[in-house]
Structures are given as C-alpha cells and as structure tokens.
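What follows is a single structure, written as structure tokens, with notes after it.
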Amino acid sequence: VDKVTYGTAAVWTVSANDGYTVDESYITVTIGGSAYTDFTVAENATNTTMLDITIPGDALTGNVVITVTAKLPPADVTVETAINGTVESDVEKASEGDTVTLTVTPEDGYVLDTLTVTDGTTPVNTTAGENGTYTFTMPATAVTISATFTKVSYVTKPELDAAVAELNKLIAANGTSIEEINKALA
C-alpha cells in the first residue's frame with residue numbers, strides 16, 4: 001500500500017520466506033513515529049502462509065512503518081538412548097537462542113564419561129550446572145544429544161595394602177620411609 005485516504009482502513013499482507021514462520025508477536029507498527037498496537041492480524045483468506053495486517057482508517061495520521069521479523073520454526077531436540085545412564089531434555093523442540101536444560105543420571109556404579117550435543121556435525125558447547133544438569137544455547141537447526149557412561153573403578157583394601165607395601169620397599173631401598181615423606185609433606 002503506497003497511499004491511503006484518511007478514514008479508510010488499510011490492509012498489508014506479509015509472508016515469511018520458505019522455512020520461516022511469522023505470527024502476530026513478530027510484528028510491530030509505528031504511525032508517525034509512535035508505536036501503534038491497535039492493529040489486527042488475521043490469516044490471509046487465499047494463502048494460509050500469509051498474514052493480513054489491518055489498521056483502522058482513523059488511525060492513519062502519519063507515515064506507517066510495519067516491521068516483520070520472520071523466525072525459523074522450533075527445531076527438534078533429540079536425545080539418543082544411552083547405556084548405563086539416562087539423559088533427559090526439558091524440551092522436545094526449541095527455537096534459536098533458547099536455553100535447553102539436560103539432566104544426566106548415571107546408573108549405580110557408573111559416571112558420565114562424555115556428553116555430546118551436535119548441530120549436524122558441529123559440536124554445541126554445554127555448560128555444567130548442579131546435580132547432573134547441563135545447559136546449552138539452541139542453534140538454528142535440530143540437535144542430537146548423546147552420552148556415554150563408564151563404570152566406576154574401585155581399589156580393594158588388599159590391592160591398596162599390596163601397593164603401599166611395594167611403595168615402602170621402593171622407598172626403603174632409597175634410604176627413607178613413607179612416614180618421613182608424610183612428615184616432610186605436612
């Protein structure tokens with residue numbers, strides 16, 4: 001619309017490029033340099049991928065600027081099944097820039113070894129939080145999350161005693177004792 005007669009409602013039709021979405025929350029209108037919020041948005045009658053913006057004629061008292069920001073639709077957040085533990089996401093889909101929270105729970109006797117978030121083949125940085133939580137900022141496209149868990153290794157008392165005895169033999173062969181080393185370190 002180039003010119004509108006005062007008192008006549010004006011309708012502008014907007015659409016997003018392929019792969020993007022637009023809704024009322026992405027539209028701002030200014031008239032004569034001031035924000036205007038009393039416009040209506042409706043699905044276009046002939047093309048459902050377009051929106052019609054209508055401004056009443058009595059509001060058209062200056063230059064009209066309509067700003068439409070198209071966004072990518074939310075992308076999938078896929079968590080692969082892990083062995084010896086679980087990873088849960090707080091969402092199944094997220095928009096670019098959203099913070100996604102993951103909760104990692106190892107089975108008894110296991111610890112998290114690796115946690116990987118990828119955008120295709122590109123790694124996405126994660127930040128460790130408290131109580132097994134991790135967060136990342138959602139990229140523009142879908143992500144896949146995978147984790148590996150490793151068994152916790154324990155040393156038994158007899159194994160530890162044998163290692164200490166062997167260490168004492170080595171220390172004694174060099175003219176000192178474990179007690180002297182401990183005193184020196186204290």
Measure the spacing between [atom1] of [X] and [atom2] of [Y] and express it to the nearest 0.5 Å.
X	Y	atom1	atom2	value
I145	T78	CD1	OG1	7.5 Å
T135	D98	OG1	CG	12.5 Å
D90	T101	CG	OG1	4.5 Å
N84	F149	CG	CZ	8.0 Å
E166	D161	CD	CG	13.5 Å
T30	Y36	OG1	OH	12.5 Å

Where [X] and [Y] come nearest, the two heavy atoms and their spacing:
X	Y	result
V124	T137	CG1-O, 3.9 Å
T156	E159	N-OE1, 2.8 Å
F136	N125	CB-O, 3.3 Å
A147	A82	O-CB, 3.7 Å
S89	V100	OG-CG1, 3.5 Å
M138	S95	CB-O, 3.4 Å

same_hphob_cluster(V91, L115) at 4.5 Å side-chain heavy-atom cutoff: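 Yes; L115 is reachable from V91 via cluster members.
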Partner of V104 by side chain to side chain contact (heavy atoms under 4.5 Å, CB included), out of T133, L112, N131: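 Exactly one pass, corresponding to L112.
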[X] [atom1]: over 12 foreign heavy atoms closer than 6.0 Å:
X	atom1	answer
E92	CD	no
E88	CD	no
I83	CD1	no

T114 and T148: CA distance, side-chain angles, deciding distance, side-chain hydrogen bond (donor to acceptor under 3.5 Å, both in side chains) verdict: CA-CA 5 Å; T114 63; T148 59; 2.5 Å; yes
